[in-house]
Amino acid sequence: MLSVIFIPSWFPSLPVTSTQLLLAGGVLLFFVGLMIGIGRKQRVSVQRSFFTDELMIYLSRIADAVERQADEPTLPQIADMIDRRIAEATATAAAAGAGAAPKARAMPLSMFGREYPDKS
């Protein structure tokens, strides 16, 4: 049985089967291979100039900025981490004591992240 994919925005009444999509992808790959084969005969070299040097500087700055952003977690990842921490905290509180209230402190941590000893 062939699955049918409907394209809602362009042609809503035109059904496209997976076989047709596979055939279209094969034709495109063949066409790209043909273009690459024809294009190998002509090579273009860019001579060094002030403009190309400036362009390379800008492109390297863009690449560095993208690499810095790739190391940071995304918003859904941050939300998942927060949800996990909340779930762990509630599970720990439930395991510690079902009816016991947690000990409240006015300032549990210093500005350097170290705990203060119990002061009363």
Side-chain angles (χ1 to χ4, degrees):
M1 176 192 256
L2 294 174
S3 62
V4 176
I5 299 173
F6 291 100
I7 303 173
S9 59
W10 298 307
F11 302 107
S13 63
L14 178 68
V16 179
T17 63
S18 58
T19 307
Q20 291 170 340
L21 288 174
L22 184 64
L23 182 65
V27 168
L28 285 175
L29 282 175
F30 176 76
F31 184 71
V32 168
L34 187 65
M35 290 291 109
I36 289 174
I38 290 172
R40 286 184 185 233
K41 295 177 185 172
Q42 298 175 356
R43 300 212 178 213
V44 176
S45 62
V46 178
Q47 294 179 354
R48 187 174 181 148
S49 68
F50 175 74
F51 176 72
T52 56
D53 289 344
E54 186 177 8
L55 183 66
M56 294 308 291
I57 290 170
Y58 287 139
L59 289 176
S60 67
R61 289 179 64 194
I62 291 170
D64 290 341
V66 168
E67 286 178 357
R68 278 195 302 272
Q69 283 185 345
D71 293 337
E72 297 177 7
T74 61
L75 289 177
Q77 290 174 338
I78 293 171
D80 289 341
M81 287 188 289
I82 291 172
D83 289 341
R84 257 188 265 125
R85 285 185 182 177
I86 291 172
E88 288 174 3
T90 55
T92 306
K103 182 178 175 184
R105 294 192 285 178
M107 177 65 74
L109 299 174
S110 72
M111 62 187 248
F112 302 109
R114 298 182 292 230
E115 279 196 45
Y116 285 122
D118 287 320
K119 294 182 182 179
S120 298

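Everything numeric in this text was worked out from a predicted model, so none of it was measured. Only heavy atoms go into these numbers, but all of them, side chains included; no hydrogens, no water, no symmetry mates.
Taking CZ of R68 as the start and CG of D64 as the end, the distance is 6.0 Å to the nearest 0.5 Å. Note: L59 CG to E54 CD = 11.0 Å, rounded to the nearest 0.5 Å. One finds the CG atom of L28 at 10.0 Å from the CG atom of L23 (value rounded to the nearest 0.5 Å). Once rounded to the nearest 0.5 Å, the distance linking CG of L75 with CG of D80 reads 11.0 Å.
A87 approaches T90 most closely through the heavy-atom pair O-OG1, 2.9 Å.
Surrounding CE of M81 are more than 12 heavy atoms belonging to other residues, nucleotides or ligands, all under 6.0 Å away.
Connection of I36 to F30 is not established within any shared hydrophobic cluster, with ILVMFWY side chains joined at heavy-atom distances below 4.5 Å, either directly or through further cluster members. Both I86 and I78 sit in one connected hydrophobic cluster of ILVMFWY residues. Membership requires side-chain heavy atoms under 4.5 Å apart, directly or through other members.
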